[in-house]
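Letters go in sequence order (proteins before strands), and every chain restarts at 1.
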There are 2 protein chains.
Amino acid sequence: MKSPSHPRDRGIPEATVARLPLYLRALHGMAERGVATVSSEDLAVAAGVNSAKLRKDLSHLGSYGTRGVGYDVEYLVYQISRELGLTQDWAVAIVGVGNLGRALAGYGGFVSRGFRIAAVFDADPEIVGDDIAGLNVEHIDELEAVIKRRGVSIVVLATPAAAAQEVCDRVVAAGVTSILNFAPVVLTVPDGVDVRKVDLSIELQILAFHEQRKAGGPLMAVDSQ
Amino acid sequence: MKSPSHPRDRGIPEATVARLPLYLRALHGMAERGVATVSSEDLAVAAGVNSAKLRKDLSHLGSYGTRGVGYDVEYLVYQISRELGLTQDWAVAIVGVGNLGRALAGYGGFVSRGFRIAAVFDADPEIVGDDIAGLNVEHIDELEAVIKRRGVSIVVLATPAAAAQEVCDRVVAAGVTSILNFAPVVLTVPDGVDVRKVDLSIELQILAFHEQRKAGGPLMAVDSQ
DNA sequence: GTGACTTTGTGCATCGGTTCACAAAAGGAT
DNA sequence: ATCCTTTTGTGAACCGATGCACAAAGTCAC
Ligand SMILES: NC(=O)c1ccc[n+]([C@@H]2O[C@H](COP(=O)([O-])OP(=O)(O)OC[C@H]3O[C@@H](n4cnc5c(N)ncnc54)[C@H](O)[C@@H]3O)[C@@H](O)[C@H]2O)c1
Ligand SMILES: NC(=O)c1ccc[n+]([C@@H]2O[C@H](COP(=O)([O-])OP(=O)(O)OC[C@H]3O[C@@H](n4cnc5c(N)ncnc54)[C@H](O)[C@@H]3O)[C@@H](O)[C@H]2O)c1
């Protein structure tokens, strides 16, 4: 007990951060089923990871387990939520209300975790003014004004690839520093802005690579070229 | 020059495989713009990676560059495509034709890279029989039969979370070994089956974590608890 | 209280991936 | 033919992440 409450270690490994939502999801399921405490082993299985990894991940947040017992489900949910910033709610805007944008806007899984769709934008005058999942589609010209007025801090890009960089530049200029990009382009942003990308096509190509290995590996092998 | 043509190294690092589609996309753009050759530096910028990393990645496929010149764009496109298995075409099925499934089915970015939507399934009798992006929605009861008949080798899961594991078990039983999962659940599959997941909610939570740090880091810092 | 048992938290070895930095290779100029 | 420039391909150091394995810390039964 030298440095008492000093797990306040600023600097959680990125790999750990990426897994916390997984643990959180598993814990929510358990809480719903009335489970009060859970061992690292059980939680690890539920989250699909190694139990040593899970313990090390949790140890970065602090010492929240009880040896011989495990972790208190509710308490751990709270601690992880707090660490991820889910105890506050986040205003999210979606730009581009096409096939994908529409699906995203109507998705309930957003709201369930402190994310609130605060605005949706499109450039097409046919679409602007429409009601999508209870939200009025704003014109892209209003981007900066609406972002500021509604305190949007995370933007989801679902425009065609050709428009993505331009829209990105504008939301960054409007002060947004967190972007989730669905368009298949590499976005260029200043330091301090986080971009995460979701690219379906890349995922399929990775699957195809492994599928090809599985199919061809044992058999063909010797294709000269 | 001991082992002459021995870049035929089975065993490309996973991190490299995940970047090849990125290079491929950048190269396609260059080919369209009529660029004949490209240096690792330029291609790296276009793909948003470090040039040393790019060269090491490409070196895993073979020695396809020319020192002092760079890489032949067309030739590199071919080599990467071949490595990823994109020279053959892949029959993909989508299960769950809701908000998301519909957007995916209508997405052109699929087809452009050797992926062909061969079937879409749903359990809802209201939806079965509908025409979605030129495809007849099949009943989930037909899953195994249609998968085999049409040679589906990659399945995209876009059902609600509660149905995902069950559907997964069935497609695996039908012989599919590559799955792209959009449902927010950890799927359990036998060895030899690849599952990749896309989870929007996790991405947002990671962004929220960093956003919180950016906002709170400089200022608050000393919140006792 | 004592001892048997359970489970956490972490030191340590290991691994895969990244990046630097440079020799080797190719092309072009003279 | 020689030199100079460019750019690849890779050895080697470095860095973060993983997973084993175990001591420390706690619980529970008696
Ligand atoms: N649909 C999918 O399943 C899917 C999958 C993966 C990636 N994507 C990518 O997501 C993006 C959107 O896909 P989609 O299928 O919804 O396309 P879409 O064409 O249906 O929708 C794009 C929308 O963006 C709007 N838009 C265009 N320029 C704009 C601008 N400057 N500002 C604001 N809005 C603008 C258009 O009016 C349209 O409504 C694309 O980049 C696509 O490559 C889509
Ligand atoms: N919509 C989004 O933007 C979004 C984003 C991220 C993740 N997701 C996830 O993707 C999945 C689909 O989302 P959605 O918004 O399209 O949901 P949805 O409810 O609109 O669609 C689900 C579809 O699956 C069908 N279905 C249900 N059980 C089935 C079964 N056993 N076999 C075949 N089909 C079945 C339903 O009939 C429905 O048509 C969900 O797991 C959701 O959590 C959605």
Is the shortest side-chain N to carboxylate O distance from B:Arg213 to A:Glu83 below 4.0 Å? yes

For C:dC20, take OP1 and OP2 only and decide whether either is under 4.0 Å from a side-chain N or O of B:Asn50. yes

Single hit among B:Leu86, B:Leu20, B:Val17, B:Asp194 for side-chain contact (heavy atoms from CB on, under 4.5 Å) with A:Phe209: B:Val17

Can you measure A:Arg55 atom CZ to D:dT18 atom P for me and round it to whole angstrom units? 15 Å

Going by modelled atom types, is there a donor-acceptor pair between the base of D:dT18 and the side chain of A:Lys56 at under 3.5 Å? no

From C-beta outward on B:Ser59, which listed nucleotide comes closest to its side chain: D:dG9, C:dA26, C:dT18? D:dG9

Comparing nearest nucleotides in DNA chain D, the 5'-proximal residue of the pair A:Val69, A:Ala15 is A:Ala15

How close or far is atom P of D:dG9 from atom CG of B:Leu58, stated in whole angstroms? 8 Å

Separation of B:Arg19 atom CZ from C:dG16 atom P, in whole Å? 15 Å

Given D:dT6, is OP1 or OP2 found less than 4.0 Å from the side-chain N or O atoms of B:Tyr71? no

Please check the phosphate of D:dG9 (OP1 and OP2 only) for any side-chain N or O of B:Ser63 closer than 4.0 Å. yes

Whichever of A:Pro13 and B:Val38 has the more 5' nearest nucleotide on DNA chain D, that residue is B:Val38

Which whole-number value in Å describes the distance from A:Leu76 CG to C:dT7 C1'? 15 Å

Nearest nucleotide by nearest heavy atom, which residue falls closer to the 5' end of DNA chain C, A:Ser40 or B:Ala52? A:Ser40

Is B:Asn181 close to B:Val198 at the side-chain level, that is, under 4.5 Å between some pair of heavy atoms? no

May I ask you to verify whether the side chain of A:Arg67 and the base of C:dT7 hold a donor-acceptor pair under 3.5 Å? no

From CD of A:Glu14 over to C1' of C:dG17, roughly how many Å is that when rounded to an integer? 16 Å

What integer distance in Å separates A:Leu54:CG from D:dT18:C1'? 13 Å

In short, B:Ala174 meets B:Lys148 closest at the heavy-atom pair O-CE, 3.5 Å

Rounding to an integer number of Å, can you tell me how far B:Asp72 CG sits from D:dT8 C1'? 15 Å

Which atom of B:Gly106 lies closest to which atom of A:Asn99, heavy atoms considered: O-ND2, 4.4 Å

Separation of atom CD in A:Glu41 from atom P in C:dT8, rounded to whole Å: 9 Å

